[in-house]
Protein chains: 2
Amino acid sequence: MNLDDMAARLAELGHPTRLQILKHLMKAGYSGTPVGDIQAALDVPGSTLSHHLSRMMKVGLIRQERESRTLYCFSNYDAINEVINYLMDECCVNDERCG
Amino acid sequence: MNLDDMAARLAELGHPTRLQILKHLMKAGYSGTPVGDIQAALDVPGSTLSHHLSRMMKVGLIRQERESRTLYCFSNYDAINEVINYLMDECCVNDERCG
DNA sequence: AAATTATTTCTAGAAATATAGAATTAACAG
DNA sequence: CTGTTAATTCTATATTTCTAGAAATAATTT
């Protein structure tokens, strides 16, 4: 995963509503959360929510699964771990002061 | 640290040039890097770089220390750890399926 | 087939961000 | 005080993103 893709993911995390969405889905874990429940929890217009979800989908931060009329959302733990690892790896590799 | 501040930090990380800056500073560790060296490494106009650095400063992602004419930049490890911890904590707390 | 529920796409205006040249400030050297 | 190096601020333009109402689609129920 390259720098541009990482930046894209971080940019999507960098919006209050989307960060709230992610936290909600992180807490929900593998049970997931219907779009409608997210909307109720965050009190945001459907069209706005849909816009944010679509952006998060595009960079792989979340995943969706339809079950009849209800669309369940899940946070993508792998994607989030990739971001975290990317931030931390190579820490201090060019620092002569560090062992 | 609240959600809006976290989102602000993540948004600053979510730009290719700024993410590159951060990676550069992460690698440099406690030795830091002069603004001019960053500019040379990333090949970006001074005014553009300055704009990005100022944004990163504002949310506490980096720190600067002047030494005569040279301005050294450092990544703020605490700030980055706060972001990482924020993303991970409360994971699955509402998931009945998880122990 | 009509109605209902769940969600998305379309649309458009407002706001924020990105970019980089030119002018400016800061710190020092001669 | 003039010149030089290091970096920022000013300015303007281009681009992207945000927001939410209205219209449309999807899946189901009656």
Side-chain angles (χ1 to χ4, degrees), chain A residues 3-25 28 31-76, chain B residues 3-25 28 31-76:
Chain A
L3 182 130
D4 282 347
D5 293 338
M6 285 297 168
R9 280 186 186 166
L10 285 160
E12 297 313 327
L13 290 174
H15 184 286
T17 301
R18 289 194 295 261
L19 188 53
Q20 259 190 292
I21 293 169
L22 187 91
K23 285 296 281 184
H24 195 94
L25 296 182
S31 299
T33 309
V35 171
D37 286 13
I38 302 176
Q39 181 174 359
L42 308 199
D43 191 28
V44 75
S47 58
T48 301
L49 177 59
S50 203
H51 159 77
H52 289 307
L53 290 176
S54 131
R55 296 188 57 109
M56 296 174 82
M57 280 289 288
K58 201 151 94 180
V59 300
L61 277 175
I62 66 172
R63 179 172 60 78
Q64 295 180 319
E65 252 175 66
R66 181 173 285 278
E67 205 161 301
S68 155
R69 276 185 297 210
T70 303
L71 193 57
Y72 283 82
C73 302
F74 304 86
S75 57
N76 185 349
Chain B
L3 182 130
D4 282 346
D5 293 337
M6 285 298 168
R9 281 187 186 165
L10 286 160
E12 298 311 328
L13 290 173
H15 184 286
T17 301
R18 289 194 294 262
L19 187 54
Q20 259 191 290
I21 293 169
L22 188 92
K23 285 297 281 184
H24 195 95
L25 297 181
S31 300
T33 308
V35 171
D37 286 14
I38 301 176
Q39 182 174 0
L42 306 201
D43 192 30
V44 74
S47 58
T48 302
L49 178 59
S50 205
H51 160 77
H52 288 308
L53 290 175
S54 130
R55 294 187 59 108
M56 296 175 82
M57 281 288 290
K58 202 151 93 180
V59 300
L61 278 175
I62 65 172
R63 178 170 60 78
Q64 294 180 318
E65 254 174 63
R66 182 172 284 280
E67 205 161 301
S68 156
R69 276 183 298 206
T70 304
L71 193 56
Y72 283 83
C73 303
F74 304 86
S75 57
N76 186 349

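Labels below follow one simple rule: chain letters A, B, ... track the order of the sequence lines, proteins then strands, and each chain is numbered from 1.
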Interatomic distance, [X] [atom1] vs [N] [atom2] [rounded to whole Å]:
{"X": "B/I62", "N": "D/dA7", "atom1": "CD1", "atom2": "C1'", "answer": "13 Å"}
{"X": "A/M57", "N": "C/dT7", "atom1": "CE", "atom2": "C1'", "answer": "13 Å"}
{"X": "B/E67", "N": "C/dC28", "atom1": "CD", "atom2": "P", "answer": "10 Å"}
{"X": "A/D43", "N": "D/dT19", "atom1": "CG", "atom2": "P", "answer": "13 Å"}
{"X": "B/Q64", "N": "D/dA6", "atom1": "CD", "atom2": "P", "answer": "16 Å"}
{"X": "A/Q20", "N": "D/dC18", "atom1": "CD", "atom2": "P", "answer": "15 Å"}
{"X": "A/L42", "N": "D/dA20", "atom1": "CG", "atom2": "P", "answer": "13 Å"}
{"X": "B/L53", "N": "D/dA6", "atom1": "CG", "atom2": "P", "answer": "16 Å"}

Does a nitrogen or oxygen in the side chain of [X] sit under 4.0 Å from OP1 or OP2 of [N]?
{"X": "A/S68", "N": "D/dT28", "value": "yes"}
{"X": "B/H52", "N": "C/dT19", "value": "yes"}
{"X": "A/H51", "N": "D/dC18", "value": "yes"}
{"X": "B/H15", "N": "C/dT19", "value": "yes"}
{"X": "A/R66", "N": "D/dA26", "value": "no"}
{"X": "B/T48", "N": "C/dT19", "value": "no"}
{"X": "A/R18", "N": "D/dC18", "value": "yes"}

Go through [options] for me and flag the one nearest to the [X] side chain.
{"X": "A/P34", "options": "D/dT17, C/dG21, C/dT7", "answer": "C/dT7"}
{"X": "B/L71", "options": "D/dG21, D/dT19, D/dT8", "answer": "D/dT8"}
{"X": "B/R69", "options": "D/dA6, C/dT8, C/dA6", "answer": "D/dA6"}

Looking across every strand, which nucleic acid part, if any, lies under 4.0 Å from A/G36 by heavy atom: base, sugar-phosphate, or nothing?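 Since only primed, P, OP1 and OP2 atoms lie under 4.0 Å of A/G36, the category is sugar-phosphate.
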
Is any side-chain heavy atom of A/E12 closer than 4.5 Å to one of A/L22?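 Of all side-chain heavy-atom pairs linking A/E12 with A/L22, none is under 4.5 Å.
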
Any side-chain heavy atom of B/T48 sitting closer than 4.5 Å to one from B/T17?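 Heavy-atom side-chain distance check fails, nothing below 4.5 Å.
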
Spacing of A/I62 atom CD1 and A/L53 atom CG [to the nearest 0.5 Å]: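 Here the rounded value is 4.5 Å.
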
Short question: side chain of B/R63, backbone of B/F74 - any donor-acceptor pair under 3.5 Å?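 Side chain of B/R63 to backbone of B/F74, a donor-acceptor pair under 3.5 Å: no, none is there.
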
Backbone of B/H52 reached by a side-chain donor or acceptor of B/R18 within 3.5 Å: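 No, because the side chain of B/R18 does not come within donor-acceptor range (under 3.5 Å) of the backbone of B/H52.
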
Side-chain donor/acceptor of B/R55 to base of C/dT17, under 3.5 Å: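 It does not, because no donor-acceptor pair links the side chain of B/R55 to the base of C/dT17 below 3.5 Å.
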
